[in-house]
Amino acid sequence: MSTFFQKQQQVAALDPRLGSLMASAGLYNLRALIKGVRACKTLADERSLLQKESAAIRTSFKDDDAYMRYNNLSKLLYIHMLGYPAHFGQMECLKLVASPRFTDKRLGYLGIMLLLDENAQVLMLITNGLKNDMNHSNMFVVGLALCTFANIASEEMSRDLCNEVEKLMGSSNSYIRKKAALCAKRIIRKVPDLVDHFQKRTLQLLSDKSHGVLLCALSLAIQICETDSNVIPLFRRATSALVAMLRNLLTTSFSPEHDVAGVTDPFLQTKILRFLRLLGRDSVEVSESINDILAQVATNTDSSKTVGNSILYECVLTILEIRADSALRVMAINILGKFLGNHDNNIRYVALNTLNKVVSIDTNAVQRHRSTILECLRDADISIRRRALELTYTLINESTVQALMRELLQFLEVADNEFKLTLTTRICIAAERYAPNKQWHMDTMLQVLRLAGNYIREDVLASFLLLVCHTPELQEYAVKHLYAALHADMSQASQTLAAVWVMGEYSDVLLEMGRITVDGVTHDVSPEAVVDLLASLLDSVYATENTREYVLTTLAKLHTRMHDKVQQARIVSILQHYEKSIDVEVQKRALEYTALLKRASIRDGVLEVMPLPELRPLVVETVTDAKSSAPAASSALLDMQGTVEEAAAPKQSTNDLLADLFGGESSTTASVPAKPASRSKASHSDILGLFDTPASTSTDVSKTTKAMQNLDLFSEEPAPQQASQPESEAYHRHGLRLAFTVEKTGDSVQVQARFTATDGAAVEGLSLQAAVPKSQQLQMFALSSATVQPGDVATQDMRISGVGAAALRLRIRIAFTVHGEQVRDQVDWTHM
């Protein structure tokens with residue numbers, strides 16, 4: 001550092017003017033600043049140098065010296081690129097833009113693009129300067145203004161300069177036309193209402209001779225069509241010209257100006273294909289007119305180069321989205337199949353991703369590349385494996401289930417842990433849906449339990465136990481193999497739970513075997529051996545609380561089904577040992593089973609084989625791939641040893657979806673989805689179930705309770721009904737009306753939201769989110785229906801506590817779909 005500054009002082013001594021300027025502005029130019037930064041040995045040295053330089057630049061700005069403004073701003077932009085504050089140079093950029101010199105304008109506009117964005121307040125001072133420079137006689141100055149506009153234009157600036165940009169799109173200079181087209185694209189993104197200003201100009205530019213102008217015009221046309229789909233028929237007039245241009249690009253000989261790796265202007269080809277895809281998506285006429293050129297592109301493009309593959313990929317997407325011939329679709333899928341054999345991981349990833357989207361269109365064509373897809377399961381790249389796995393799931397059907405399941409089970413043996421939870425779920429669902437017979441289904445499930453017993457969802461394990469229950473002819477087979485599997489490996493949690501469960505439930509079948517041989521290994525199945533195995537499991541390092549609960553239940557059932565007094569006494573001893581367990585549930589079960597086994601009159605009936613539970617198909621749910629620990633057994637699964645419960649109802653969301661909606665204070669929020677089709681697991685369900693009465697929703701029970709309370713049991717006539725609560729309308733827009741009825745009880749308030757469709761059209765996908773102030777607590781119940789038909793009423797109950805004498809305040813967010821349009825609104829509602 002000292003040597004660098006010594007040189008700087010020598011330079012300053014040779015030129016007195018430079019010496020005075022360096023004294024006021026630090027390092028005298030950008031090159032010197034770069035050298036100074038490179039000479040810094042530590043980050044602290046760099047920070048100190050740049051802070052001093054920034055201070056010197058600020059001082060120089062005050063002198064308003066035009067000679068040094070260019071150097072100072074160039075150094076400041078370098079400081080900004082290093083990540084240090086440079087906002088104080090914004091006004092200097094405006095001064096440079098006002099300079100008549102081109103170099104000053106260029107640096108000034110560069111500074112504006114780097115130091116400002118569309119939200120900066122200084123931006124309003126630039127509009128007039130941009131307008132003047134857009135009308136400049138020098139095309140490069142006009143280009144600078146257009147380039148700056150395209151990077152920082154706000155909504156207000158877009159409205160102010162829309163006419164100038166439209167006029168420049170008709171310029172005779174191709175350099176200006178292409179930049180103006182990109183500026184028009186920026187305007188449409190910021191102000192979609194101005195799309196009408198550029199339609200005719202864009203249509204004219206689509207027949208331009210310049211490739212650069214045509215490329216920008218296609219980008220603008222795509223933006224216009226995506227913004228307003230009603231103008232697509234207008235642009236379909238250019239289909240013939242675009243097809244001719246694409247054919248010309250395919251057949252043109254070597255053109256050095258546009259050649260990229262032997263392909264003539266691949267950027268323009270891909271852009272034309274993208275625009276043709278947009279035009280032919282819903283038009284049979286356009287689709288038929290471009291079928292031939294798409295086939296020509298697919299057959300004549302060199303696939304050995306990256307640029308050729310990019311064109312082929314766009315061609316494939318176009319074929320799959322328009323109404324193309326079936327033969328052309330097969331050709332497109334075959335191209336994706338070739339991509340799977342490419343050595344470039346990016347190309348294979350793109351092919352797998354695209355095949356996942358189109359497999360529903362032509363499954364048979366994708367099935368032809370099944371072997372190549374399965375090869376991707378062995379790829380070193382995890383993203384390739386994940387996409388190949390997703391595609392393999394979609395290829396499973398009745399005819400391919402056995403072949404694909406073999407591959408998936410082989411992949412399960414070597415799969416990363418993050419794949420296993422989803423993989424086991426998908427395998428079990430496919431086996432349940434497409435199994436050719438029960439024996440194959442059972443073998444598949446047993447293999448899944450053996451390979452990935454720690455990565456199995458609770459409902460998947462429950463589904464396997466249901467399969468055992470409902471297949472009497474295979475119960476002995478399942479018991480034998482699970483008994484042998486428990487001998488071989490106790491580390492797989494789900495396999496262990498399944499083995500212990502069937503050993504208890506079908507212990508009579510187990511004890512009749514005497515001796516079994518599985519995979520060449522013989523195991524003793526005497527009462528002593530069975531109790532030894534369960535006792536060793538209890539002492540194993542793999543025994544969890546759930547496992548011990550299962551084992552204690554199995555031991556209690558074995559006690560009633562074996563006639564060996566010694567082993568029965570041993571079972572009682574084991575149960576008494578766990579009466580002092582630190583796990584409350586284990587201790588509770590041990591105490592209860594010990595007491596039950598002493599009641600000879602009832603124990604056999606209590607511990608008999610459970611009745612057949614109801615079959616429930618597996619469903620695909622959101623699975624956390626990152627889950628690495630063994631899942632805990634659900635309460636429903638544990639209770640399968642004594643009773644069968646319905647699936648648990650979804651939990652109420654506790655996410656703070658509407659945080660800080662009431663200004664600075666935080667709020668209590670709640671959001672509840674529509675009611676599931678399954679029965680609620682509330683306590684009243686069990687009570688009503690005792691009388692063979694179907695359980696109703698919480699809203700129905702509350703209404704029934706109120707009705708019973710209104711009935712005077714000691715009089716001949718019923719008590720008069722309470723007057724209905726008046727409704728307070730909170731929302732009435734877009735064909736949906738929301739009203740609240742309020743009933744106050746002490747410190748809490750019961751609110752019922754009532755939704756009605758008022759526009760003669762059904763309201764679908766309805767959801768309600770609500771927030772209350774921090775001092776209150778909100779509990780939301782399930783929405784009765786997510787779809788509201790005309791004439792129907794959907795309701796949702798809310799309970800708010802902590803209201804007291806204060807006014808009831810709610811901030812609500814409503815989301816729904818009506819007439820195919822998605823609506824999201826937010827309103828405030830107050831009830832005194």
Side-chain angles (χ1 to χ4, degrees), residues 97 109 112-113 116-119 123-124 126-239 241-242 245 265 267-268 270-279:
V97 167
Y109 278 128
I112 289 173
M113 287 186 280
L116 297 177
D117 59 24
E118 60 183 84
N119 299 317
L123 206 61
M124 64 181 68
I126 305 173
T127 304
N128 192 48
L130 285 174
K131 184 174 182 179
N132 292 334
D133 286 340
M134 285 183 183
N135 295 315
H136 201 279
S137 58
N138 189 336
M139 70 173 187
F140 296 108
V141 174
V142 177
L144 287 176
L146 290 172
C147 185
T148 305
F149 177 87
N151 280 277
I152 65 169
S154 63
E155 181 178 345
E156 183 179 355
M157 185 183 292
S158 298
R159 293 185 185 276
D160 292 339
L161 299 178
C162 174
N163 293 331
E164 276 68 22
V165 172
E166 182 184 359
K167 182 176 67 175
L168 291 175
M169 287 177 66
S171 172
S172 59
N173 192 319
S174 61
Y175 174 80
I176 295 176
R177 289 199 304 273
K178 67 180 181 182
K179 288 185 177 293
L182 295 179
C183 289
K185 184 178 179 181
R186 171 84 177 200
I187 292 174
I188 293 173
R189 283 182 176 176
K190 292 298 174 184
V191 192
D193 297 341
L194 300 177
V195 68
D196 296 338
H197 288 253
F198 304 103
Q199 294 175 11
K200 293 182 179 179
R201 291 284 189 185
T202 306
L203 200 56
Q204 294 172 1
L205 292 181
L206 289 178
S207 58
D208 202 286
K209 300 298 182 182
S210 171
H211 284 210
V213 175
L214 186 57
L215 188 62
C216 297
L218 285 167
S219 299
L220 176 58
I222 292 173
Q223 182 64 46
I224 291 174
C225 293
E226 290 176 349
T227 304
D228 184 6
S229 58
N230 295 325
V231 303
I232 292 180
L234 175 65
F235 285 96
R236 283 177 178 153
R237 302 175 188 173
T239 303
L242 292 173
M245 190 176 304
D265 207 341
F267 303 101
L268 184 56
T270 55
K271 192 69 72 173
I272 293 175
L273 289 169
R274 190 173 304 174
F275 189 47
L276 291 176
R277 177 163 75 244
L278 194 62
L279 298 180

Quick test of your reading: applying side chain to side chain donor-acceptor pair (under 3.5 Å), list the pairs with at least one residue in residues 180-193, sequence neighbours left out, ordered by first then second residue. E118-R186, E118-K190, R189-Q223
Any residue meeting side chain to side chain donor-acceptor pair (under 3.5 Å) with E164, in chain and number order, not counting sequence neighbours: none
In Å and rounded to the nearest 0.5 Å, what is the CZ to CD1 distance from F267 to I272? 14.0 Å
Give me the atom names and distance for the closest heavy-atom approach of C162 to F198. SG-CZ, 3.6 Å
Show me the donor-acceptor pairs within less than 3.5 Å that the side chains of residues 212-219 make with the rest of the protein, sequence neighbours left out.
| residue | atom | partner | partner atom | Å |
| --- | --- | --- | --- | --- |
| S219 | OG | L215 | O | 3.2 |
| S219 | OG | K271 | NZ | 3.3 |

Quick check for you: to the nearest 0.5 Å, what is the distance between R201 atom CZ and I224 atom CD1? 12.5 Å
For the atom pair CG (L206) and CZ (R237), what is the distance rounded to the nearest 0.5 Å? 12.0 Å
Distance (rounded to the nearest 0.5 Å) between I152 CD1 and I126 CD1: 4.5 Å
Report the distance from atom CG of L161 to atom CD of E156, rounding to the nearest 0.5 Å. 10.0 Å
Separation between SG of C225 and CD of Q199, rounded to the nearest 0.5 Å: 9.0 Å
Listed partners of R177 passing salt bridge (Lys or Arg N to Asp or Glu O under 4.0 Å), at least two apart: D208
Taking everything shown except M124 itself, do over 12 heavy atoms lie less than 6.0 Å from its CE? no
What closest approach, in Å, do A180 and L146 show between heavy atoms, and which atom pair accounts for it? N-CD1, 3.9 Å
Check Y175 against G143 and note the closest heavy-atom contact, atom names and distance. CE2-CA, 3.9 Å
Decide side-chain contact (heavy atoms from CB on, under 4.5 Å) for Y109 and L130; before the verdict, give the C-alpha distance in whole Å, the side-chain angles of both, and the deciding distance to 0.1 Å. CA-CA 10 Å; Y109 278 128; L130 285 174; 3.6 Å; yes
Measure the shortest side-chain to side-chain distance between L276 and T239 over non-hydrogen atoms and say whether it is less than 4.5 angstrom. yes
Considering non-hydrogen atoms only, spot the tightest contact between A184 and M169 and give its length. CB-SD, 3.9 Å
Partners passing salt bridge (Lys or Arg N to Asp or Glu O under 4.0 Å) against E226 (at least two apart in sequence or in another chain): none
Can you find a pair of side-chain heavy atoms, one from H197 and one from V165, that are under 4.5 Å apart? no
Just to verify, what does H211 make a ring pair (Phe, Tyr, Trp, His ring centres under 6.0 Å) with, not counting sequence neighbours? H258
What do the steps show when you test N163 against E166 for side-chain contact (heavy atoms from CB on, under 4.5 Å), and what is the final call? CA-CA 5 Å; N163 293 331; E166 182 184 359; 4.1 Å; yes
